[in-house]
Engineer: 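Below is the structure I would like to discuss, written out as structure tokens.
One-based numbering along the sequence shown.
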Amino acid sequence: MLVVLSGCVGFTQSDTGVGDDPSGTSPSDQPPSTHPGTAIQTATTPNGTLEVHFINVGQSVSTLVVGPTNETMLIDSGDFRTDGEYVLQYLTRHNISRLDHFVVTHADADHIGGNAAIIDYYETEARGIGAIYDPGIAASTQTYEAYLDAVEQHNVTLYETREGDPLPFGGVSVDVLGPPEPYLDDRDRNENSIVLALTYGETRFLFTGDAEADQEQYLVDTYDATLRATVLKAGHHGSGSSTGATLLDAVGPKAVVISSANDSQYGHPHEEVLQRLADRSIPAYWTATHGNIVLTSDGAQVTVKTQQAAPTDPLSIRDGTPIEPGTTDPVAPRATITGSSNSSQGPPIATDGGTETAHADTTLALDAVNADAAGDDGENLNDEYVVFRNTGDDSLELSGWTVADTADHTYTVPDGVTLAPNATVTLHTGSGTDTDSDLYWGAGSPIWNNGGDTVIVTTADGEEVLREPYS
């Protein structure tokens, strides 16, 4: 359902029906609502860039999205104890003069803490807010009351938003995947978070709010393989009750972003989540140590920029130096991630032994490049790495394959290395003991240029199967 609550304190349908839509079209002109089980949309041909800014707000979360047409979306506004201070500082510093879309994933005070202040600022000192999207489950807190009071005072259009409702965003496909109708778990706020999938070309970003096990299972049961995304924002600040194994396996993210405080009173991120990521060789970026994290997609690749270099190995992220919220240091490039299209994989070719391998139409994909290790690259060689994924349905025998750069540095995969379907293997520049998910080049100095290079993979028969530049 898409119910307008403009000028209402309570969650009841307005007498005037649907109000002004932020896109400038009437609801009848918007794309029709999808239904459970419908495949996630595919974006139109990319033209420009999509930016996703994970703002360092301490033990909370707030994400700014700037589309290729400069349309803007804010997802959540930080904790009630800071009253939107860090978010407003960030928005004004980046010259965000209008919020076209303001998504409230759910009404917990650590997600709506800045709502009232942000509404007041944009409606009185800037160019306003196009519309607010809310799952429609109330909270009995002063923070929630202040939020609705601000909506009423400034007559901002407020949509009760559910699975399948349209959210038009110029040049980007936005799918609302939750909460469903009826609500889950007796209207539990976390389990009925607004869940968004943003698709831009071959790249996709998945935001699950504070969804926990039940809503994650609903998403997997309903959308299955269409959940695949390039980047996943960890649910519930990295709580062990979220970002479960089933969801991770369905989404297959190439990077996960965690938003929580370094000294989280809840112990976020929990070790079981970090272990799940490590088991799948998924790099983790943490606002507590990386600071503000800006992901820029050109539709084919995602460039990761952070304020501070810090470990991305999930089991080592606490070794990074904490960075305070509100710090204004600029971001710098750290890694490049290739897109996650479900339709880009080619058919595998069988070898003599029947094990699937690949030649010109290989199912081996470059998942991620982390060229800029935390700290001194030369002293932290194992934090410089490339990640490969088998996107096919059959195993890939990689024994004797080579990985090289444009300077003719060459690594040969040892015998017995087989990559299962959808599995990843990380090739670290430094030394270590090889495992099923991690290989070690054994180089004594950095391989991959921070400013750009090309990853070249060749089979044991000398046939080049992958040549992918990054910048």
Engineer: Any chance the side chains of Tyr183 and Arg162 put a donor and an acceptor closer than 3.5 Å?
Structural biologist: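 Note: Tyr183 and Arg162 side chains meet the donor-acceptor criterion.
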Engineer: Any idea which heavy atoms bring Gln308 and Thr289 closest together, and the distance?
Structural biologist: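 Looks like NE2-O, 2.8 Å.
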Engineer: Is there a donor-acceptor contact under 3.5 Å linking the side chains of Gln217 and Asp221?
Structural biologist: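 Result is yes, a qualifying pair exists.
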Engineer: Can you label the angle between the Tyr90 ring and the His94 ring as parallel, tilted or perpendicular, going by 30° and 60°?
Structural biologist: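 Judged by the thresholds at 30° and 60°, the geometry between Tyr90 and His94 is parallel.
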Engineer: Calculate, to the nearest 0.5 Å, the distance between atoms CG and CG belonging to Leu232 and Leu227 respectively.
Structural biologist: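 The distance works out to 9.5 Å.
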Engineer: According to salt bridge (Lys or Arg N to Asp or Glu O under 4.0 Å), who are the partners of Arg187, at least two apart in sequence or on a separate chain?
Structural biologist: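 Residues passing salt bridge (Lys or Arg N to Asp or Glu O under 4.0 Å) with Arg187: none at all.
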Engineer: Write down the atom of Asp120, the atom of His154, and the distance for their closest heavy-atom approach.
Structural biologist: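 Answer, listing the atom of Asp120 first, then His154: OD1-NE2, 2.8 Å.
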Engineer: To the closest 0.5 Å, what do you measure between CH2 (Trp448) and CG (Asp372)?
Structural biologist: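 Going from the CH2 atom of Trp448 to the CG atom of Asp372 covers 15.0 Å.
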Engineer: Just to verify, which of Val172, Thr203, Ile75, Leu206 counts as forming a side-chain contact (heavy atoms from CB on, under 4.5 Å) with Leu198?
Structural biologist: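 Option passing the side-chain contact (heavy atoms from CB on, under 4.5 Å) with Leu198: Val172.
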Engineer: Any heavy-atom pair between the side chains of Ile293 and Trp286 that's under 4.5 Å?
Structural biologist: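 SC-SC contact between Trp286 and Ile293 ruled out.
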Engineer: Report yes if some heavy atom in the side chain of Thr327 is under 4.5 Å from a heavy atom in the side chain of Asn56; otherwise report no.
Structural biologist: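 Thr327 vs Asn56: side chains apart.
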Engineer: Examine the side chains of Gln275 and Asp279 and answer whether a donor and an acceptor come within less than 3.5 Å of each other.
Structural biologist: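 There is such a pair (donor and acceptor under 3.5 Å, judged by atom type) between the side chains of Gln275 and Asp279.
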Engineer: Hey, is CD on Gln142 packed in by over 12 heavy atoms from elsewhere, all under 6.0 Å?
Structural biologist: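 Result for CD/Gln142: open.
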Engineer: Which heavy atom in His106 sits nearest to a heavy atom in Ser193, and how many Å separate them?
Structural biologist: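 Where His106 meets Ser193 most closely, the heavy atoms are ND1-OG, 3.6 Å.
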Engineer: Could you tell me if Asn450 and Asp377 have a donor-acceptor pair between their side chains, going purely by distance under 3.5 Å?
Structural biologist: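 Yes, Asn450 and Asp377 have a side-chain donor paired with an acceptor closer than 3.5 Å.
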Engineer: Which heavy atom of Ile282 sits nearest a heavy atom of Pro314, and at what distance?
Structural biologist: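 Nearest pair, atom of Ile282 first, then Pro314: O-CG, 3.2 Å.
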Engineer: For the side-chain contact (heavy atoms from CB on, under 4.5 Å) test, which of Leu99, Ile129, Asn155 pairs with Glu123?
Structural biologist: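 Running side-chain contact (heavy atoms from CB on, under 4.5 Å) over Leu99, Ile129, Asn155 with Glu123 returns exactly one hit, Ile129.
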Engineer: If only atom types and distance count, is the side chain of Lys233 paired as donor or acceptor with the main-chain N or O of Thr208 below 3.5 Å?
Structural biologist: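 No, because the side chain of Lys233 does not come within donor-acceptor range (under 3.5 Å) of the backbone of Thr208.
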Engineer: Check salt bridge (Lys or Arg N to Asp or Glu O under 4.0 Å) between Glu145 and all other residues, then give those that pass, not counting sequence neighbours.
Structural biologist: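 With neighbours one apart ignored, the set is empty.
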Engineer: Given the side-chain rings of His111 and His237, with only the six-membered ring counted for Trp, is the space between their centroids under 6.0 Å?
Structural biologist: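 Close enough - the centres of the two rings lie under 6.0 Å apart.
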Engineer: Please evaluate residues Ser62 and Phe54 with respect to the criterion side-chain contact (heavy atoms from CB on, under 4.5 Å), reporting the C-alpha separation (whole Å), side-chain torsions for both, the decisive distance (0.1 Å), and the verdict.
Structural biologist: CA-CA 6 Å; Ser62 184; Phe54 295 91; over 6 Å; no
